[in-house]
Amino acid sequence: MIIGYLDNSQKNISTESQRDIINQYAQDNACPIDIFLTEPDIKNIKDNINSKENTIIIANIACLGSKLATVTENIESMIFDGFTLITVKENLKFESSEETKQLLNGIKLSIDIRNSMVSVITRKALDDKRAQGFKLGRDFGFKNKRYCWNGKEEDIKNKLLSGMTRQQTADEVGISIVSLYNYLKLNPELKTMTNGGQNA
């Protein structure tokens, strides 16, 4: 079975463009498409296929993922399940063969080398900053100034002053009871005003 896979992620060209590219390849190579399939993850298409011999044609390598590691993983998964994979733009064919195995090993090696280089370069840059006297990281006791209750302060206040329990208030405004208690710690005057009978 010849399958045209259409990647509908926002990181790729439109599915219409992909379909045109695949159809043109099929026409040029006399391999008519039996079915077009669209899945968020290409590995899922195997659940819709009953045929034993399948070739998947994709418009470009971006259909397999936005990261090289993901692309490699998806290629290996498809080959393991018996699929042959063709990428039109890159003119590549992946199948269960020694050549494909060597290519994937080469890609994995390049990923390892890149990660190692990034790690060394980042560590060197941080060491240089420290040597220049820059203080790295957050100050001790630093807290993120954006809280889950931002924009809900007035609603919290009104509900507590109207007689709602703290648990009811937290549920109503969509925050946890722990977050509400943290909010009250920062607003002791409101905590005092609503303290009577509001511990639940």
Side-chain angles (χ1 to χ4, degrees), residues 5-19 36-48 58-78 107-108 111-112 114-200:
Y5 172 72
L6 304 174
D7 171 36
N8 60 1
S9 74
Q10 299 300 314
K11 297 180 180 180
N12 206 344
I13 59 176
S14 69
T15 54
E16 292 78 11
S17 296
Q18 293 175 55
R19 187 186 296 270
F36 278 95
L37 293 175
T38 300
E39 286 282 348
D41 185 341
I42 192 171
K43 294 193 293 291
N44 293 336
I45 69 173
K46 60 190 176 186
D47 298 330
N48 301 313
I58 59 177
N60 55 47
I61 203 77
C63 294
L64 298 175
S66 57
K67 295 181 179 180
L68 198 52
T70 304
V71 170
T72 306
E73 177 187 326
N74 284 337
I75 292 173
E76 287 184 319
S77 175
M78 301 312 294
I107 294 174
K108 289 178 181 177
I111 293 173
D112 290 341
R114 180 183 179 279
N115 290 341
S116 178
M117 290 175 65
V118 169
S119 176
V120 171
I121 292 170
T122 301
R123 189 180 304 113
K124 178 66 168 61
L126 292 174
D127 289 344
D128 288 346
K129 286 293 184 182
R130 289 190 186 96
Q132 295 169 21
F134 286 94
K135 187 175 182 180
L136 304 177
R138 295 177 173 180
D139 292 332
F140 180 76
F142 173 87
K143 288 188 176 180
N144 192 334
K145 293 298 185 287
R146 178 161 182 83
Y147 300 103
C148 62
W149 59 75
N150 280 14
K152 302 176 181 179
E153 294 91 335
E154 194 64 27
D155 196 18
I156 293 172
K157 180 180 178 181
N158 290 338
K159 290 184 186 306
L160 288 173
L161 292 176
S162 71
M164 271 194 182
T165 66
R166 290 172 182 172
Q167 184 64 63
Q168 288 172 333
T169 300
D171 293 341
E172 285 285 327
V173 300
I175 62 176
S176 71
I177 189 64
V178 174
S179 295
L180 180 58
Y181 278 117
N182 289 334
Y183 171 77
L184 291 175
K185 285 181 183 178
L186 297 177
N187 297 272
E189 71 288 346
L190 181 59
K191 180 179 181 181
T192 301
M193 292 168 62
T194 61
N195 199 40
Q198 297 296 325
N199 294 321

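Fair warning: this is a prediction, and the values are worked out from it, not measured in the lab.
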Calculate, to the nearest 0.5 Å, the distance between atoms [atom1] and [atom2] belonging to [X] and [Y] respectively.
X      : Y      : atom1 : atom2 : value
Ile61  : Ser66  : CD1   : OG    : 12.5 Å
Asp41  : Asp7   : CG    : CG    : 10.0 Å
Asn44  : Lys46  : CG    : NZ    : 8.0 Å
Asn150 : Tyr183 : CG    : OH    : 10.0 Å
Leu6   : Ser17  : CG    : OG    : 10.5 Å
Gln168 : Leu160 : CD    : CG    : 10.0 Å

Could you walk me through whether Asn187 and Ile156 pass side-chain contact (heavy atoms from CB on, under 4.5 Å), step by step? CA-CA 11 Å; Asn187 297 272; Ile156 293 172; over 6 Å; no
Determine whether [X] and [Y] make a side-chain contact, defined as any pair of heavy atoms from C-beta on separated by less than 4.5 Å.
X      : Y      : value
Ile107 : Val71  : no
Glu172 : Asp155 : no
Ile42  : Leu64  : yes
Leu180 : Ile177 : yes

For the student: nearest non-hydrogen atoms of Met78 and Lys43, plus distance: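 Looking at all heavy atoms of both residues, the closest pair is SD-CA, 4.0 Å.
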Closest approach of Lys159 and Ser162, non-hydrogen atoms and distance?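 Closest approach of Lys159 to Ser162: O-OG, 2.7 Å.
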Using only atom types and a distance under 3.5 Å, with no angle test, would you say the side chain of [X] pairs donor to acceptor with the backbone of [Y]?
X      : Y      : answer
Tyr5   : Glu39  : yes
Glu153 : Gly151 : yes
Ser77  : Asn74  : no
Gln18  : Ile58  : no
Ser116 : Asp112 : no

Tell me, please, which residues at least two apart from [X] pass side chain to side chain donor-acceptor pair (under 3.5 Å).
X      : answer
Lys185 : none
Asn158 : none
Ser176 : Ser179

